S.K.: 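Here it is: the structure, laid out below.
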Amino acid sequence: MFKLVWRNLMARKVRLVMSGLAIVLGVAFLSGVLVFSNGLSSTFDSIIKGSTPDATVRAKGLDSFDSGNGGTATATITPKVVADLAALPQVADAHGTIDGAGMNLLDSHGDLVGGTGAPTLAFNHTGGLNMAGEPMTVLKTGTWPGPNEIVLDSGAAKRAGYHVGDTVSLLPPTSTDQLTMRLAGTAEFNGGSTAGSTLLIFDTATAQKIFLGGRDVFTSASLTAADGVSQTALAAAAQKVLPADFEAVTGDKVVSQSKDAVGQFLDVISVFLLVFALIAVVVGAFIIVNTFTILVAQRTRELALLRALGATRRQVTRSVLAEALAMAIVASTIGIAIGWALARGLAAVFRAVGLDISSRVLVLDARSVAISYAVGIVVTMVAAYLPSRRAGRVAPVTAMRGDLARTAAPLRLRVLIGAVLFALGAGLVIAGFAGAPGSTAAWVGAAALIWVLTLASTSSVVGRPVLVLCRSLFARFFGTSGRLAGENALRDPRRTGATASALMIGLALVSTIGVLASSMNRTIDDIVDEQFTSDFLVQSSTFMPFSTAIGDEIASVPGVATVSRQQMVSGTLQGTGDTGSLMGIDDAFTSIFTLPMTAGTDRISGNEAIINTDVAKQRHWHVGSTFTVTFPAGHALHLTVAGISDPVQVTGSISVPLDLLAKTGLERQDNQLNVMMQPGADSATVLSDLKKVTDRAKIVEVFDKASFADQIRGQVNQLLYMIYGLLALAIVIAIIGIVNTLGLSVIERTREIGLLRAIGMSRARLRRMITLESVAIAVLGAVMGMALGLVIGVLLRQALADQLTSLGLPIGQLVMFLVIAVVVGVLAALLPAIRAARLNVLAAITTE
Amino acid sequence: MTLDATIPAPADGTLDAAARAVDLRKSYGSGDSEVRALDGVTVDFERGAFTAIMGPSGSGKSTLMHMLAALDTPSSGRVVVDGTEVGTLNDKALTALRRERIGFVFQAFNLIPTLTAKENILLPLDLAGSKVDKEWFDTVIAAVGLADRLGHRPAQMSGGQQQRVACARALASRPAIVFADEPTGNLDSTSGAEVLSFLRRTVDDFGQTVVMVTHDAVAASYCDRVVFLADGRIVDELHQPTRETILEHMTALQDAALAKAATATAGQAD
């Protein structure tokens, strides 16, 4: 029996490759993503481990503090503390360290380096050792920095076009004046790569001058344990000599905290990519079901013969499954190999956006390989199961009969079940909107899943009107060959439906995303229209805080009447442990913006705060409620709710007076400046003057209403195109499905095609006939997918009405998808049509 | 060979028949559109004999063979193959019956194109998981004269050679009975003669039982006995036939059918 399976496989190599291709692509994507996310996390792991000492001394509360966007802590320790630490018997070595934030590197042309991707890390070189007893940073070229010198990581030096000895330009966090320093050398983290971050390494005195106003203090310290002293003992001993607002933390704890923080971000990337890999695999499964169904149908006579010769049902079923298994193993193996290459490609893409992953870590680990094989094989076997069962049910007597009339089971049952499932989905949606527990979007999502699967299995019935329309259109425009093409598409509705379903899934997703993106753009326009009441807005493109000196310069631009400053800081909400963001707003804020208050006042001072209704609802706070937010090194704000407003985009969920932020122990910086012109000033002149300031400052940009909306829309569209790009693979797999079905149909209809040719159909018209059939399948898939996607998208938008206040329909995109579907149909038909046209007429007619 | 012994025996069956049909009926459709393919056929097929089933198109000869070969289930009546009551068997037992006690030769050869001649011949044994009887295999191969063709694929062989491979396949498991469905229908007369001679020899030399459906008088003349079917009933029977006697009987049957049709038409015209 296995000999037969083997021979069958060998005899149908082309078919096998075609149907296997769907699995190859799905598995390639999956294994690529797995290898890539693995490489990503091992890159970060090795950096974290390589740059963490036995113990770290840091300001209390810094661990739960979101540094960077949330502000820069200013707590320090004196050299005496470092000396006390070094004097402890448990301590072999102690170094005072300075971690600077907000410093930016300019390249040799004066443009920002990095800035949009990974962070820029600035610190002093201490020669301290990591947990493994190795230096935390390794010099690659030149020397460690002296006074007024800098060491960059090799990648950044290369990107910025600097060589050792060059003068490097830097943009400090607290002023708009550029700094220049000599490049002393290049270095890397001990782990090897920098994961795309930019490293700025100074000597201690220079770092103190830049970041700490020249005071001889440190922001933290790194400790190396004496021989035989555990990390815990080291940290406990160190704690005794520390001031009250500082703590000593073991290296292990720092590593696990860093991993948690990085892990969340990495998980988002991995899950995001994995979702698309799984979509590709599922679409591939549809192709497998269809291919095996057709193969079994075509081999009915042979299978019946086996049954007549005494093969049991199980033997026949197993022989089909064995073929599927062999195909799955081969396809998965190829897929995994391609996936490895794909992982390198993904790494290159991420490198281009600034996340540097060394290709050394992109290895095929056992876990990725095992998961990829498991998914590839299980999906194929599950997909081949139904066709194999059908193969086992072939009646032996079929072998004796000349006709191979396929007994099509009535579609009525299918329609009935489909109707019930559609209704079930509708029920879920209604339940969701009627206030069933959980988010409404989740209910709609569950319904969407049911609908997609239902539509896929009832497409043979649901899609009929589309195919009938295709037939009459084809007949009108292309005559007989068009009519025949329409008839062929209608001849086996199951086959056409199943083939179209693969495309349908892809397009349903694309259309759903399209509706959401379009709604989001509409919503952005509305919000900007309604809430952007200042004349200009100054922001950094990455929402990083910037020096207050920029605001000072903006205020002095002629024609500017008011500059309202906002700073966002993050702290810990006492009692819950949650991280919360506070937006500091100044008095000018209320003269520019009118907050939609639901209770209390929008004029705040002292320890008063305005919260939005979401926070009020979540925390059960009302006007007069008090709460405390803590910051690193023991700083805290004790706040009283003075007003409650509806959520708005112009400020955060909790707003406090800007001057109150002085008590947080964080560097005073700005996140956003709202600019009002003097009455009668010329907006074009003012804008161009403002641009001069922001161009010099580099890290900020000035927006008016239109450009601000454009910028946000640009970000939405960037994400949209990325998702489209990832879904493209599912579409490609669906195209392979169409090629496969058409190819098999051509083989099956060899005799008929020969007859058509014999009675005078030209090659060109034959090709056109097959192309039109392909177009009918593609259009069917596209129409079903877009219709379902529109419904799901509109429902999801409704479920998310709080965030997406306006509904937008991407009509232009949908029309484009339909055009693409026709093109897809034409492309998919290329090979089968050529093959059919090349058939020898005489041989074709006499085919068994 | 006692010719009288082939007269239909009572249902309790004291006769040693390789296959037996008792009051076999098969109809398709229902009501007005009901078609009776078999209308009460009772017939025995003696062991070690070569029997032909003949009849015009639509007479039910193929349906009868499908029932006898346990490929199809009758509407009513009994089928006994090699002493086994077929009607009581489930699919698994039917499969085993076909595998172990029945051999098939088809009009369209029905060889697996991807397997060699030898592999095709051994396929039923392979499916059953049973061992090859080397001696028997060599005997069969020698008898069909395929010793030098064993490594060839069906596409590399002539129709006659393919059909001889199919015959060898039918014999490989030493079945109690071989059913041949128009085995010479797709062959030229020379190749057809080769195949028929081979079937004849398996009966004479190996004592094989062969039942063949055919409408070719020449093919039927190789048999020990011919059973004539018309309108789903056995209407005639011939022992030790020659080509001439077969043609005579067939002409008579056709005349009768024409006369009947004429009467029916006349009746309708009234």
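Each chain gets a letter, A, B and so on, in the order its sequence line appears, and its residues count up from 1. No experiment lies behind these values; they were computed from the predicted model shown.
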S.K.: For E119(B), is it the side chain, the backbone, both or neither that has a heavy atom under 4.5 Å from a heavy atom of chain A?
M.R.: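 Just the side chain, heavy atoms under 4.5 Å.
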S.K.: At a 4.5 Å cut-off on heavy atoms, which part of R101(B) comes close to chain A: side chain, backbone, both, or neither?
M.R.: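 Interface part for R101(B): neither.
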S.K.: With a 4.0 Å cut-off on N to O distance, would you call E323(A) and R299(A) a salt bridge?
M.R.: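 Here E323(A) pairs with R299(A) in a salt bridge, since their nearest N and O are under 4.0 Å apart.
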S.K.: Less than 4.5 Å to any heavy atom of chain B: does that hold for the side chain of R314(A), its backbone, both, or neither?
M.R.: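 Contact with chain B is absent: no heavy atom of R314(A) under 4.5 Å.
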S.K.: May I ask you to say whether D39(B) pairs ionically with K26(B), meaning some side-chain N is under 4.0 Å from a carboxylate O?
M.R.: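 Answer for the salt bridge query: no.
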S.K.: Check whether T63(B) gets within reach of chain A through its side chain, its backbone, both or neither, counting any heavy atom under 4.5 Å.
M.R.: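 For T63(B), neither part sits under 4.5 Å from chain A.
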S.K.: State, with a plain yes or no, whether a side-chain heavy atom of L744(A) is found less than 4.5 Å away from one of T291(A).
M.R.: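 SC-SC contact between L744(A) and T291(A) confirmed.
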S.K.: Looking at T202(B) and L199(B), would you say the former's side chain and the latter's main chain have a donor-acceptor pair under 3.5 Å?
M.R.: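 Judged by distance alone, yes, a pair lies under 3.5 Å.
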